[in-house]
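What follows is one structure encoded as C-alpha cells, with my remarks underneath.
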Protein chains: 2
Amino acid sequence: MASRPTISDVAEASRVSISTVSLVMNGKGPVADATRQRVLAAADRLGYAPSRSARGLAARRTGNIGFVLREDHFRQSEPFYTRVFLGAEFEARRRGLYVLLSTVPDPYDPARHAPRFLTEHSVDGVVVAGGVDATLLEQLRARSIPFVLADYAWDDSPTVSADNRSGGRAVADHFVAQGHTRVGYLGADPEHPSPAERRDAYLGAMAEVGHPVPDGWVVTADGPSDRQTGALNAGLLLDRAPRPTAVFCANDALALGLLDAASERGLAIPDDLAVAGFDDVDGAALAKPPLTTVRIHKETLGETALGLLAEGLTGAVEEIPPRTLVPTELVVRASA
Amino acid sequence: MASRPTISDVAEASRVSISTVSLVMNGKGPVADATRQRVLAAADRLGYAPSRSARGLAARRTGNIGFVLREDHFRQSEPFYTRVFLGAEFEARRRGLYVLLSTVPDPYDPARHAPRFLTEHSVDGVVVAGGVDATLLEQLRARSIPFVLADYAWDDSPTVSADNRSGGRAVADHFVAQGHTRVGYLGADPEHPSPAERRDAYLGAMAEVGHPVPDGWVVTADGPSDRQTGALNAGLLLDRAPRPTAVFCANDALALGLLDAASERGLAIPDDLAVAGFDDVDGAALAKPPLTTVRIHKETLGETALGLLAEGLTGAVEEIPPRTLVPTELVVRASA
DNA sequence: CGCTTCGATCAAAGCGCTTCGATTTTCGAC
DNA sequence: GTCGAAAATCGAAGCGCTTTGATCGAAGCG
C-alpha cells in the first residue's frame, strides 16, 4: 500500500514547487487563483493532509492547546465544565487546533501533578477552566505560556466569564415584576468571584428599586456550592420570621437544595416561596417545580476562551482583552 | 531569554554526540552507565525535554492516541465514560503518550463528523469508548488505524470490557444466599452486548441452582438504560401477582428507577423487594436505601484499553488479545 | 602478539514542512 | 516594442530529532 502522500507528491501532481503548495495549504502569500485550484484539487485527489509533526517542527508551533480542569470538576456529575470543554473543542476544530485535556488534582503539588505540556512545551497556549490552584497559574506565567481563564479570575490574567451581574440584576427585576418586595439571597463558596458578582448585582438592583435586602436575609454558606449545602443552610432563611417571599440562589445546585428544604417544610413553590437559581444545569428543568434560573451558555464560554487565546497567539499576547463577558439569559419556569 | 534547549545543547554539555543523547533519552542501545548518567544530569540541568514534533517527524509516530466517545455519553450527568477517559489518560501519561479526546454525534455522518485525526493521521491508534456508529469503526479499519474498544464490542475487534458474566453470577449467588428463590430481571438497551451478558449469566446461575427465572419476570425494555426507563417499566414486574422478591437490574440507572417505582407503591426495600444494580455509579451509594450493585472499575477499563493499544503499536497489531475482561466486584449495601 | 569480537560512540542522512530571499513572469505605462 | 514594478513562483536552508552503518578501543583468543 502506498504510504501517506507528502507535500512533494502534491507539488509534483500539480506541477508547482513545494513552496507554492505550502503557501496554498496555509492560505498565505499571493498565489494565482488557477494555481490554487490546481493544488487543492491535487491535494484532494491524493488525500493529502499536512503532517502535524513536520509542520510543527518547521513553524515552531505545536498547533495544540492545553485545557486544564480540576479533576473533581471533570468527574462531577453536573457536566458544566464538560460542556465548556466541548465548546473549546468545537472552536479548536474550526481553527485546525487540537485540544489536550489535562486534569489536575486539588490540592495541587506543582512537582508531581504539573500537566506534561508544561515541561514538554507541547502546547502553544492553555485554557484554564474553573478554579485551579494558583501555583499552576504561576507556573504558566513563569514559563510564559499564554493562557486564558474560563469561569474564573486570577490576578489580571485574561478571563472569560458569564455576565453574572446582568444575570443577578435580571433576577431582581423579575422578582420585583412578580410583586416581591421582601427577598433573600443564598450563596456559598466565598472564594469564587462569580457568586459574589451575582449577589452584588442582585442586592444592588433590589436596593435601587427601594427594596433593600436586610442583612439577615443574605446567607453565604461556608461550604461548596452544592445541593447538600443548599439544603443545610436553607433553614437560615426559611425558619426565620418574617421569612422572605422569594430567594435568589447563587447557583442551581443550591437552589435545588433549597427546594428540598422547602418541600420538607411543606412550603408551596412559588406561592409561599419563589426560588431562582443560576447556571441552568440539566437538572433545573426537571426539578419539581421546574426551576427559574439564569442560563449560562457553557459551550460559548469555552468557544470564546479558546478563540481569544488563538487570536492572541497569532498576534501580541498582551492584547488579549483582560475581561470578556458571555451573555446570560433569564429562563422563567415555574419556581418563580 | 534563552530559547528552549535542544538535543545538541545537551550533547555539548555532556560531551557526547547527539546520537548518544538520543539513545539515552529513549532508553535504547548499549550506552555506558557513566555516559548515561552524565547525559541525564545535563538534560536535567538544562531543563531539556525532547520536542514532540521533531521526534514524531523523525520516528514517524505521533505519540498521540485518539479517544472517541459519543457526544451524549460525554455530556451525560453520570460520569462513567469520563472516568474511563481519566484511566486512559493516566496510562498514557505513564507511557509518554498524549490523548486526543474527540466526541462524535449520534447519528454519525462520516462525511461531516469524522474526527480530524482520521484524515490528518495525527494519532497512532484509537480507543473507542462505549457504543459508536459502526461506520466510524469501518472507517478506522479501512484506514488501518489500530483501535481498541472499551465497554463495547464490534465484529472481532479487540475489546476491553467489564466481566459482566461473573458480575451477573455474583448477584444470583447473593440473592440465593439471602434466601430468594423467586427473582426477576429488568434490562434495557437491547443493542448493547453488556446487558445481555449480565442477564444470561444471572439467569444461567439461577437455573443451575434450581430456581429458574420464569419468562414473565424477565423484562427487557426497548429504551435507553436510564432511570426513567427503569421507573416506567418497573410496573411490569411489580404489579404482577405473584411478584418476585428480588430483582436484578442491568445497570444502576434502571435500578434507581425501580427503587422510585417501588417507593411509589409503598414497597419496603429490601424486605418486600430486594434490588441489585450494576456499575456502581456515584448515585448508587447515595440512594435510599443505598444500592447493592456490581462495581465496575471504570478507570481500569480505560487504563487497560490504552495499555493494550500501546503494546500493540510497538509490536504486531494483530496480536492485541481480542477480548480482555476487567474484574467486577459485588458491593453489598442495604437494598439487597 | 596479531586477529577477531563486541560494546560504545558517532557522523550523516533524512523525516515533511515553513520561510526567506532570489528569480521569473506578467502587465500597465510609456 | 521596452522598461520597471508588482505578482507569482521557486530553491534551499533549516526546524530537532531518529536511525543506520561505520568507526574505534579494549578485551578475549589461540
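In what follows, chains are A, B, ... by sequence order, proteins preceding strands, each numbered from 1.
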> Measuring from B:I18:CD1 to B:T6:OG1, what's the distance to the nearest 0.5 Å?
Replying inline: 8.5 Å
> How is A:T35 classified with respect to the nucleic acid when contacts are heavy atoms under 4.0 Å: base, sugar-phosphate, or nothing?
Replying inline: sugar-phosphate
> How long is the line joining CG of B:D9 and P of D:dG16, in whole Å?
Replying inline: 9 Å
> Whole-Å distance between D:dT9 C1' and A:R36 CZ?
Replying inline: 13 Å
>> Quick check: do B:V39 and B:V10 have side-chain heavy atoms less than 4.5 Å from each other?
In response: yes
>> B:S194: which residues meet the side chain to side chain donor-acceptor pair (under 3.5 Å) condition with it, sequence neighbours left out?
In response: B:N164
> Rounded to whole angstroms, how far apart are NE2 on B:H121 and C1' on C:dG16?
Replying inline: 14 Å
>> With a cut-off of less than 4.0 Å, is there a side-chain N or O of A:R55 near OP1 or OP2 of C:dT18?
In response: yes
> Rounded to whole angstrom units, what separation is found between the CD atom of B:E120 and the C1' atom of C:dC17?
Replying inline: 15 Å
>> Tell me whether the side-chain N/O atoms of A:K28 come closer than 4.0 Å to OP1 or OP2 in C:dT19.
In response: yes
> Under 4.0 angstrom, heavy atoms only, what part of the nucleic acid is B:P30 near: base, sugar-phosphate, or nothing?
Replying inline: base
> With sugar-phosphate meaning primed atoms plus P, OP1 and OP2, does B:T6 contact a base, only sugar-phosphate, or nothing at under 4.0 Å between heavy atoms?
Replying inline: sugar-phosphate
> Does B:S22 make a side-chain N or O approach to OP1 or OP2 of D:dT18 shorter than 4.0 Å?
Replying inline: yes
> Donor-acceptor pair under 3.5 Å: do we get one between B:S19's side chain and the base of C:dA11?
Replying inline: yes
> For the pair made of CG in B:N26 and P in D:dT18, what is the distance, rounded to whole Å?
Replying inline: 5 Å
> So what is the end-to-end bend of the helix from C:dC1-D:dG30 to C:dC30-D:dG1, with 5 pairs used at each end and the value given to 10 degrees?
Replying inline: 40°
> Rounded to the nearest 0.5 Å, how far does CG of A:L309 lie from CG of A:L97?
Replying inline: 8.5 Å
>> Closest approach to the side chain of B:I18, judged atom by atom: which nucleotide of C:dT9, D:dT18, D:dA8 is it?
In response: D:dT18
>> Using only atom types and a distance under 3.5 Å, with no angle test, would you say the side chain of B:R141 pairs donor to acceptor with the backbone of B:F147?
In response: no
> In Å, rounded to the nearest 0.5 Å, how long is the span from CG of B:L86 to OG1 of A:T103?
Replying inline: 5.0 Å
> Touch check for B:S51, heavy atoms < 4.0 angstrom, all strands: base, sugar-phosphate only, or nothing?
Replying inline: sugar-phosphate
> Rounded to whole angstroms, how far apart are CZ on B:R52 and P on D:dC17?
Replying inline: 13 Å
> Of B:D33 and B:A54, whose nearest nucleotide on DNA chain C comes first from the 5' end?
Replying inline: B:D33
>> B:R83 and salt bridge (Lys or Arg N to Asp or Glu O under 4.0 Å): which single residue from B:E89, B:E299, B:E303 fits?
In response: B:E299
>> With a 4.0 Å limit, can you tell me whether A:T20 has a side-chain N or O closer than that to the phosphate oxygens OP1/OP2 of D:dC10?
In response: yes
> For B:L325, which of B:V160, B:T304, B:D163, B:T159 qualifies under side chain to side chain contact (heavy atoms under 4.5 Å, CB included)?
Replying inline: B:D163
>> Between P on C:dT19 and CZ on A:R61, what's the gap in Å once rounded to a whole number?
In response: 7 Å
> Roughly, in whole Å, what's the span from CD1 in B:I7 to C1' in D:dC17?
Replying inline: 6 Å
> So which one's nearest nucleotide on DNA chain C is more toward 5', B:A58 or B:R38?
Replying inline: B:R38
